[in-house]
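So the structure is just underneath, and the comments pick up after that.
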Amino acid sequence: MPKKIALKLGYESPFTVFSVFTTQKDYRLAWLMNQQLSIELKRIGDYTHSFSESQKAGFPLYHFHYRQYRMPIFLLGNKSTEGAIVTDTPVPDFLVLFCNVSEFFDLKQFQKEMRKIKQVQTLAPLDEKARNKYEDFFYDLEYFLTEQHVI
């Protein structure tokens, strides 16, 4: 009897992700990050996430492009009345996503500066296990951002 061969397509996310815990609204957190990090996050609309075929929700999405590092950064709301995208315990309020992090960009300095924002209770990197768990979401987000011409 011939062996069955299965083809498994792997997806490697280009995102480095941080979970943000705060009581602030999305526009307020974007403003605080702009002030502390000397960036200009701008809202580019809502990312629509499908929880099921009948249940969808919009999540606020902000974008800034670091010209000197040639990489974008995104601030994405994680919670809505329909649910959360990343449902780890505790559930993060926001996600900060870096696409294709430059080797010259100092992530530790970014974390240090973000932690200086008093209204941010916690900032934690999303580990590889969690990123693999939400692989479909990261794929959809990458596709959405490509369609929006921001990556």
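Just so you know, these numbers come straight off a predicted model, no measurement behind them.
Between atom CD of residue Gln36 and atom NZ of residue Lys112 there is a gap of 11.0 Å, rounded to the nearest 0.5 Å. Ile151 CD1 to Phe144 CZ: the interatomic distance, rounded to the nearest 0.5 Å, is 10.5 Å. Here CZ of Phe64 is found 9.5 Å from NZ of Lys42. Values are rounded to the nearest 0.5 Å. A distance of 11.0 Å separates CD of Gln148 from OH of Tyr143, quoted to the nearest 0.5 Å. With rounding to the nearest 0.5 Å, the separation of CZ in Phe18 from CD in Gln111 is 4.0 Å.
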List the steps and the verdict of side-chain contact (heavy atoms from CB on, under 4.5 Å) for Asn78 and Ile85.
CA-CA 6 Å; Asn78 185 52; Ile85 299 169; 3.3 Å; yes
Run Tyr139 and Glu135 through side-chain hydrogen bond (donor to acceptor under 3.5 Å, both in side chains) and show every step you take. CA-CA 6 Å; Tyr139 179 80; Glu135 189 174 86; over 6 Å; no
query: Is there a side-chain contact (heavy atoms from CB on, under 4.5 Å) between Phe110 and Ile73 once you walk through the steps?
result: CA-CA 11 Å; Phe110 166 79; Ile73 177 177; 4.1 Å; yes
### Task
Starting from the C-alpha separation in whole Å, work towards a yes-or-no answer on side-chain contact (heavy atoms from CB on, under 4.5 Å) for Leu97 and Phe138.
CA-CA 10 Å; Leu97 302 103; Phe138 289 118; 3.8 Å; yes
Exercise for review: Decide side-chain contact (heavy atoms from CB on, under 4.5 Å) for Thr22 and Leu32; before the verdict, give the C-alpha distance in whole Å, the side-chain angles of both, and the deciding distance to 0.1 Å.
Suggested key: CA-CA 12 Å; Thr22 182; Leu32 290 165; over 6 Å; no
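Arg115 places a side-chain N or O within donor-acceptor distance of the main-chain N or O of Leu123, the cut-off being under 3.5 Å. Distance alone, capped at 3.5 Å, is enough to place a donor-acceptor pair between the Asn34 side chain and the Leu41 backbone. For the pair Asp106 (side chain) and Lys108 (backbone), a donor-acceptor distance under 3.5 Å is present. Side-chain atoms of Arg70 never come within 3.5 Å of backbone atoms of Ser102 as a donor-acceptor pair (strictly under, hydrogens ignored).
You'll find the side chain of Lys56 reaches within 4.5 Å of the side chain of Ser50, heavy atoms only. In this structure, Glu142 and Ser13 have side chains that are not in contact, with every pair of non-hydrogen atoms separated by 4.5 Å or more. Between Met114 and Leu37, some side-chain heavy-atom pair lies under the 4.5 Å cut-off. Side-chain contact between Leu95 and Phe15 is absent, with no heavy-atom pair separated by less than 4.5 Å. Considering only heavy atoms from C-beta on, Phe74 stays 4.5 Å or farther from Leu141 through its side chain. Proximity of Leu126 to Asp88: side-chain heavy atoms (C-beta onward) are separated by under 4.5 Å at one or more points.
Other residues, nucleotides and ligands place more than 12 heavy atoms under 6.0 Å from the NZ atom of Lys133. Sparse packing is recorded around CD of Glu40, with 12 or fewer heavy atoms of other residues, nucleotides or ligands lying under 6.0 Å away.
His65 and His63 have tilted rings, their planes meeting at an angle from 30° to 60° on a 0 to 90° scale. Taking the six-membered ring where tryptophan is involved, the planes of Tyr66 and Phe98 are essentially parallel, since the angle between them stays under 30° and well short of 60°. Between Tyr47 and Phe137, the two ring planes are perpendicular [angle over 60°; tilted spans 30° to 60°].
Across Asp26, Ile44, Asp46, a single residue satisfies side-chain contact (heavy atoms from CB on, under 4.5 Å) together with Leu61, and that is Ile44.
Nearest heavy atoms, Thr23 versus Gln121: N-OE1, 3.5 Å.
There is no path of hydrophobic side-chain contacts, each under 4.5 Å, that joins Phe94 to Tyr134.
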